[in-house]
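Here is the naming used below: chain letters follow the sequence lines, and residue numbers restart at 1 for every chain. Nothing here was measured: the structure is a model prediction, and the numbers come from that model. Side chains included, hydrogens not; waters and symmetry mates left out as well; all remaining heavy atoms used.
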Amino acid sequence: MAPDIAQAPMLGDRSARAQTLSLVLILLLGAAIVLSLAVGASGTSLWQAVLGLFTGEEVGVRERIILMDIRLPRTVMGVLVGAALAVSGAVMQGLFRNPLADPGLVGVSAGAGFGAIVAIVLGGMLPAGIAAMFGSSLVPVAAFVGAWASMLLLYRVSTRRGRTSVATMLLAGIALAALMGAVQGVLIYMADDAQLRTLTFWGMGSIAGATWGKLLVATPLILLALAGAPFLARGLNALALGEAAAAHVGIPVQRLKNAAILMVALAVGSSVAVSGGIGFVGIVVPHLLRLLVGPDHRYLLLNSALLGAALLLCADVISRVIVAPAELPIGIVTATLGGPFFLWILLRQRGVLEM
Amino acid sequence: MLEASDITVRYGPRVILDGVDFSARAGAVTAIVGPNGSGKTTLMRALTGEAAYHGRITLEGQDIAGAKVWDLAALRGVLPQATPLAFPFTVLEVVRIGLSRGVAAGQDGLIRQALARVGLSGFEGRYYQELSGGEQQRVQLARVLAQVWEPVEGGVPRWLFLDEPVSALDIGHQLQVMQIARDYADAGGGVVAVMHDLNLTAMFADQVALIGEGRILAQDVPGAVLRDDLLSRAYRCDVRVNRAPVDGTFILPHAAGMAAE
Ligand SMILES: Nc1ncnc2c1ncn2[C@@H]1O[C@H](COP(=O)(O)OP(=O)(O)O)[C@@H](O)[C@H]1O
Ligand SMILES: [Mg+2]
């Protein structure tokens with residue numbers, strides 16, 4: 001009897017592998033969540049308490065407070081921000097048709113941070129009535145607008161007739177970040193002490209300040225962006241052939257690009273609003289996944305969300321324990337791990353860069 | 001039926017096509033020939049709605065200017081002159097992109113058939129970016145074929161638009177690809193192909209449009225267009241059309257004496 005080849009995955013089809021990887025990543029994320037809830041610099045190991053969450057066992061008041069009001073929001077934020085940054089990276093790379101596009105590297109995070117800083121510093125000068133109307137959503141909304149504007153600018157500058165120049169894209173990102181930096185300098189000069197403390201936190205990126213209040217605004221925005229991402233997948237696959245070919249296979253290219261830009265701005269804007277600039281997640285995660293199961297966005301986006309979340313939680317755990325009892329900002333951890341990785345990608349991509 | 005009337009395309013101030021009329025019918029292979037830079041690709045890009053144009057183009061009665069991209073994708077596939085790829089997709093994954101939208105959406109079974117048709121069985125797991133130019137061009141043809149696999153769907157012909165489909169290929173694969181076009185037309189579909197090679201054009205085309213300096217110099221059956229005088233004028237060199245031993249036509253440029261302007 002001939003083996004039933006209809007059941008076997010087709011040669012060159014990595015769908016099954018990508019789906020298996022999703023399962024593995026779900027388990028990994030689960031482990032990272034437990035780790036993030038249980039490990040901390042507060043001197044309290046909460047393994048018992050975390051176990052209690054699942055078994056319904058009595059948990060001490062102190063443990064309960066640390067768990068529910070500090071660790072849990074921090075973990076939720078890690079999951080959301082990690083997923084948002086990684087998916088944004090994957091979508092940007094698909095949109096720019098380039099594996100080096102990353103919200104941090106090309107100035108989109110800088111744009112979001114700029115929006116947030118403007119909101120923090122100038123928000124204090126708004127008439128009380130208007131400030132109250134926006135409430136705690138002022139900073140995320142401003143960050144979203146900043147991210148959106150920089151995405152649009154970046155795309156206009158670096159893409160002509162559907163082709164992205166890598167050099168222009170990276171240089172435009174540097175110019176954008178420098179410009180934002182300059183204006184930020186002025187704003188920091190104007191800021192009062194309390195605002196200064198808030199601002200310092202942007203520079204480094206951290207999820208240590210997570211509260212349910214911050215999450216209240218950011219969560220729906222990030223979830224909206226993540227929920228929209230799968231609808232971009234087929235279009236981004238086709239876009240890898242170029243804009244014209246994508247249109248010929250039936251993708252409404254302009255609508256796809258607008259949606260992708262909006263999705264990235266939403267995800268990056270709200271992430272940066274709550275956690276500052278956390279770099280490299282958006283470039284490392286999709287790159288690893290493409291190596292493992294290929295560039296098909298139908299799986300790449302979901303897997304990026306899972307791995308991005310797991311990776312950010314792990315980086316956060318490292319940031320809590322490595323200099324305990326003090327804490328490192330997570331941005332420093334991701335930069336330390338991501339920097340060398342990025343160099344490695346550059347070495348592998350040298351051919352692309354010489355274009 | 002494909003009908004284009006009074007088509008003008010400009011790139012900036014340059015007029016590339018100047019009030020061109022062009023038509024093609026289903027069931028026939030229509031070739032577009034002409035010298036480099038004469039506007040063949042530009043005409044193709046107008047016919048597929050890729051380039052902005054003035055004038056009117058209808059495909060099977062639909063004005064392509066107002067048509068939805070997915071309706072057009074269900075009606076016709078387009079093979080560009082060359083297709084670079086941004087990410088390391090496998091051959092199978094590239095062909096699957098042809099099944100994104102349109103009537104063949106999701107019919108993964110077509111992938112293997114389409115690859116077999118272009119002689120690339122067994123290439124499914126190879127990386128597209130690691131193939132030769134000719135192999136890449138055939139993978140793209142398989143993608144386009146998968147998209148509009150049935151030449152006639154619900155009584156309506158489907159169309160293939162091919163821009164220099166054989167320029168990167170060796171003679172064996174040139175014949176194979178032209179035969180695919182021929183068979184598609186014989187089964188009732190429409191084929192419009194930009195051709196570089198006049199001999200292959202003489203062999204496989206039912207209609208030839210000769211383009212020069214942004215105008216159609218002639219559109220007719222091959223015998224009426226592939227003539228010494230027309231070709232010499234269009235290509236600006238001395239061209240002789242000869243008879244092949246059996247039944248065919250072959251066309252040679254003659255180095256001696258460039259055609260007088
Ligand atoms: N995007 C463009 N911008 C400006 N000029 C173009 C563009 N594409 C093609 N052209 C010019 O239009 C003319 C016709 O080009 P094309 O249609 O590609 O010729 P071919 O017949 O060789 O396919 C050429 O002179 C070319 O330089
Ligand atoms: Mg051409």
#### Entry: Heavy-atom contact with chain A under 4.5 Å, split by part of Leu72(B)
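Contact with chain A: none, neither part.
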### Task
Heavy-atom distances under 4.5 Å only: say whether Tyr128(B) touches chain A with side chain, backbone, both or neither.
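Contact with chain A is absent: no heavy atom of Tyr128(B) under 4.5 Å.
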### Contact class of Ile251(A) relative to chain B, heavy atoms under 4.5 angstrom
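Both the backbone and the side chain of Ile251(A) come within 4.5 Å of chain B.
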Are there over 12 heavy-atom neighbours, none belonging to [X], within less than 6.0 Å of that residue's [atom1]?
X         : atom1 : answer
His173(B) : NE2   : yes
Tyr127(B) : OH    : no
Arg10(B)  : CZ    : no

### Derivation and outcome, side chain to side chain contact (heavy atoms under 4.5 Å, CB included), residues Asn237(A) and Glu93(B)
CA-CA 9 Å; Asn237(A) 281 346; Glu93(B) 289 165 343; over 6 Å; no
### Task
For residues Leu241(A) and Thr83(B), report the shortest heavy-atom separation together with the two atoms involved.
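Residues Leu241(A) and Thr83(B), closest heavy atoms: O-CG2, 3.6 Å.
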### Message
Restricting to non-hydrogen atoms, name the atom on Pro88(B) and the atom on Arg14(A) that form the minimum distance, rounded to 0.1 Å.
### Response
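Heavy-atom minimum between the residues: O-NH2, 3.2 Å.
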### Task
Give me the ring orientation class for His297(A) and Phe87(B): parallel if the planes are under 30° apart, tilted from 30 to 60°, perpendicular past 60°.
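Geometry flag for Phe87(B) against His297(A): perpendicular rings.
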### Query
Just how far is it from atom CD1 of Ile97(B) to atom CG of Asp296(A), taken to the nearest 0.5 Å?
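It is 8.0 Å, given to the nearest 0.5 Å.
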### Query
Among Glu124(B), Arg112(B), Arg126(B), which one satisfies side-chain contact (heavy atoms from CB on, under 4.5 Å) with Leu11(A)?
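Going through Glu124(B), Arg112(B), Arg126(B) one by one, the side-chain contact (heavy atoms from CB on, under 4.5 Å) with Leu11(A) is satisfied by Glu124(B) alone.
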### Task
From the options Arg143(B), Gln147(B), Glu50(B), select the one residue that forms a side-chain hydrogen bond (donor to acceptor under 3.5 Å, both in side chains) with His248(A).
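When Arg143(B), Gln147(B), Glu50(B) are each tested with His248(A), the side-chain hydrogen bond (donor to acceptor under 3.5 Å, both in side chains) holds only for Glu50(B).
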